[in-house]
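Encoded as structure tokens, the structure appears first; notes follow it.
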Protein chains: 2
Amino acid sequence: MEQSVGDLLKSRGLRSTAQRRAILTALLGHPHSTASDLVKRRIGVGESGPLGLSKQGLYNVLEDLANAQLVRCIEPAGSPTLYELRVGDNHHHLVCRKCGLVEDVDCAVGVAPCLDPVERKGFAIDEAEIIWWGLCAQCQEAVADS
Amino acid sequence: MEQSVGDLLKSRGLRSTAQRRAILTALLGHPHSTASDLVKRRIGVGESGPLGLSKQGLYNVLEDLANAQLVRCIEPAGSPTLYELRVGDNHHHLVCRKCGLVEDVDCAVGVAPCLDPVERKGFAIDEAEIIWWGLCAQCQEAVADS
DNA sequence: GTGCTAGATTTGACTATGTCAAGTCTTTGG
DNA sequence: CCAAAGACTTGACATAGTCAAATCTAGCAC
């Protein structure tokens with residue numbers, strides 16, 4: 001599996017480095033991670049313990065992975081950028097206003113842009129991004145209790 | 001009109017101050033302004049010339065106006081927070097990937113949440129936020145010319 | 001009109017998130 | 001193994017915003 005992560009990188013024309021494998025592996029375990037989540041977890045590499053990675057290196061890697069279509073970024077209002085591995089399926093997101101929990105939701109249509117605006121205003125549209133805002137189950141309970 | 005801006009504030013239980021009137025007036029003229037757009041324009045007040053306003057004051061005013069439902073914030077990925085006056089009509093946005101231009105689009109349904117997700121995952125959803133990404137007419141031309 | 005007080009604003013330090021540029025190190029093909 | 005393109009590190013810097021404490025003022029009571 002560690003091997004396949006390396007192959008995945010190479011198949012996209014990227015060199016297989018310890019840092020990139022570590023970040024991909026970390027994202028496999030934690031979808032919707034922020035850059036600082038990854039730093040806090042110290043990006044463990046398989047059995048071999050924690051690996052440090054510079055802040056700049058982290059942003060470089062994430063940018064490279066995003067350019068190679070291996071990760072996708074989302075930026076819900078009020079949250080730092082989140083990185084996730086699911087790409088190419090044009091899915092959308094549920095975001096909790098209180099705790100920030102993010103859940104994936106499949107797109108009913110499947111291909112971007114899955115939704116047409118009422119007016120196009122001359123734009124060439126390539127994607128419809130949808131975020132549903134609300135309260136997650138746990139935060140609803142917390143509100144009900146108070 | 002300056003008067004009506006003051007009345008609008010009072011009707012929401014906010015004091016009518018020069019700073020708040022100035023910001024509301026500035027937003028009337030420039031929808032989709034960032035905080036720094038407002039600072040750069042120095043927030044002219046009617047005939048009476050430019051008025052300075054501290055950075056903190058600006059954020060306080062914008063927060064107060066947002067709490068009073070007089071302005072709405074949007075945060076497209078890669079852009080600082082934008083403030084706009086249209087509220088309560090649940091409209092959506094077109095955003096240009098290249099120049100950042102933002103256009104309003106009416107919502108076909110009209111009331112939030114205007115769209116249901118395929119799966120709800122236990123969330124109590126109160127709003128569906130939609131951003132259509134693409135290139136505005138002008139940036140399409142620029143690309144075609146190159 | 002005057003004074004009071006809750007509410008509004010200012011000031012200045014600080015935080016979070018990220019970018020830029022230059023130099024060093026490493027992966028990979030030959 | 002070696003060279004060189006590509007990847008990573010370091011450290012300064014930028015942007016967008018937050019926090020806390022002091023000061024000021026709009027709007028009300030008189």
Side-chain angles (χ1 to χ4, degrees), chain A residues 2-3 5-24 26 32-43 45 48 50-68 70-71 73-83 100, chain B residues 2-3 5-24 26 32-43 45 48 50-68 70-71 73-83 100:
Chain A
E2 181 69 9
Q3 183 54 42
V5 168
D7 290 346
L8 185 60
L9 286 163
K10 289 187 192 172
S11 73
R12 303 300 178 107
L14 294 173
R15 289 186 181 171
S16 169
T17 66
Q19 291 89 340
R20 285 172 176 171
R21 290 191 301 272
I23 289 174
L24 275 179
H32 309 129
S33 292
T34 64
S36 75
D37 287 341
L38 293 168
V39 168
K40 276 176 210 146
R41 270 187 255 124
R42 311 211 54 151
I43 311 159
V45 186
S48 60
L51 167 74
L53 174 65
S54 69
K55 181 177 58 159
Q56 184 62 61
L58 176 60
Y59 285 110
N60 285 348
V61 168
L62 289 170
E63 187 187 350
D64 294 340
L65 295 177
N67 287 339
L70 287 174
V71 310
C73 312
I74 60 170
E75 299 183 40
S79 166
T81 304
L82 299 170
Y83 298 88
Chain B
E2 181 70 9
Q3 183 55 40
V5 167
D7 290 346
L8 186 59
L9 286 163
K10 289 187 192 173
S11 73
R12 302 303 177 106
L14 294 174
R15 288 185 181 172
S16 170
T17 66
Q19 292 88 338
R20 286 172 176 172
R21 289 191 302 272
I23 289 174
L24 275 179
H32 308 132
S33 292
T34 64
S36 77
D37 287 340
L38 293 169
V39 168
K40 275 176 210 144
R41 270 187 256 124
R42 312 211 54 152
I43 311 159
V45 186
S48 60
L51 167 72
L53 174 66
S54 70
K55 181 176 59 160
Q56 184 61 62
L58 175 60
Y59 285 110
N60 285 348
V61 168
L62 290 170
E63 187 188 348
D64 295 339
L65 295 178
N67 287 338
L70 287 174
V71 310
C73 312
I74 60 170
E75 299 183 40
S79 166
T81 303
L82 299 171
Y83 298 88

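In what follows, chains carry the letters A, B, and so on, assigned in the order in which the sequence lines appear, proteins first and then strands, with residues in each chain numbered from 1.
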Inset, instruction - Ignoring backbone atoms, establish whether B:Q19 has a side-chain N or O less than 4.0 Å from OP1 or OP2 of C:dT10. - result: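 True: B:Q19 side-chain N/O within range (under 4.0 Å) of C:dT10 OP1/OP2.
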
Legend entry - C:dG18 OP1/OP2 closer than 4.0 Å to side-chain N/O of A:T81: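 Looking at the OP1 and OP2 atoms of C:dG18, one of them is under 4.0 Å from a side-chain N or O of A:T81.
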
Inset, instruction - Verify, without hydrogens or angle tests, whether A:E75 (side chain) and B:G78 (backbone) share a donor-acceptor contact under 3.5 angstrom. - result: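 Pair found, side chain donor or acceptor close to backbone of B:G78.
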
Legend entry - Main-chain N/O of B:V39 paired to B:S36 side chain as donor or acceptor, under 3.5 Å: no

Every protein N/O within reach of nucleotides 28-30 of chain C N/O, cut-off under 3.5 Å:
residue	atom	partner	partner atom	Å
C:dT28	OP1	A:S16	N	2.9

So do the side chains of [X] and [Y] get within less than 4.5 Å of each other, counting heavy atoms only?
{"X": "B:Y59", "Y": "B:E63", "result": "no"}
{"X": "B:Y83", "Y": "B:C73", "result": "yes"}
{"X": "B:L70", "Y": "B:D64", "result": "no"}
{"X": "B:R20", "Y": "B:R15", "result": "yes"}
{"X": "A:L65", "Y": "A:L9", "result": "yes"}

Inset, instruction - May I have the step-by-step check of side chain to side chain contact (heavy atoms under 4.5 Å, CB included) for A:L62 and A:I23, ending in yes or no? - result: CA-CA 8 Å; A:L62 289 170; A:I23 289 174; 3.9 Å; yes

Inset, instruction - When you get a sec, tell me which of C:dT9, D:dC8, C:dG18 is the closest nucleotide to the side chain of B:L53? - result: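 Minimum distance to the B:L53 side chain belongs to C:dT9.
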
Legend entry - Minimum-distance nucleotide (side-chain atoms of B:Y59 versus C:dA8, D:dA16, C:dG18): D:dA16

Between protein and nucleotides 1-4 of chain C, what N or O pairs are separated by less than 3.5 Å?
none

Rounding to a whole Å, what distance do you find between [X]:[atom1] and [N]:[atom2]?
{"X": "B:E75", "N": "D:dT15", "atom1": "CD", "atom2": "P", "value": "18 Å"}
{"X": "B:K55", "N": "D:dT15", "atom1": "NZ", "atom2": "P", "value": "12 Å"}
{"X": "B:N60", "N": "D:dT25", "atom1": "CG", "atom2": "P", "value": "16 Å"}
{"X": "B:D64", "N": "D:dA26", "atom1": "CG", "atom2": "P", "value": "15 Å"}
{"X": "A:R20", "N": "D:dG6", "atom1": "CZ", "atom2": "C1'", "value": "8 Å"}
{"X": "B:L9", "N": "C:dA8", "atom1": "CG", "atom2": "P", "value": "10 Å"}
{"X": "B:L62", "N": "D:dG17", "atom1": "CG", "atom2": "P", "value": "10 Å"}
{"X": "A:E63", "N": "D:dA7", "atom1": "CD", "atom2": "C1'", "value": "13 Å"}

Inset, instruction - Report the residue from B:L58, B:L53, B:V61 that forms a side chain to side chain contact (heavy atoms under 4.5 Å, CB included) with B:L38. - result: B:L58

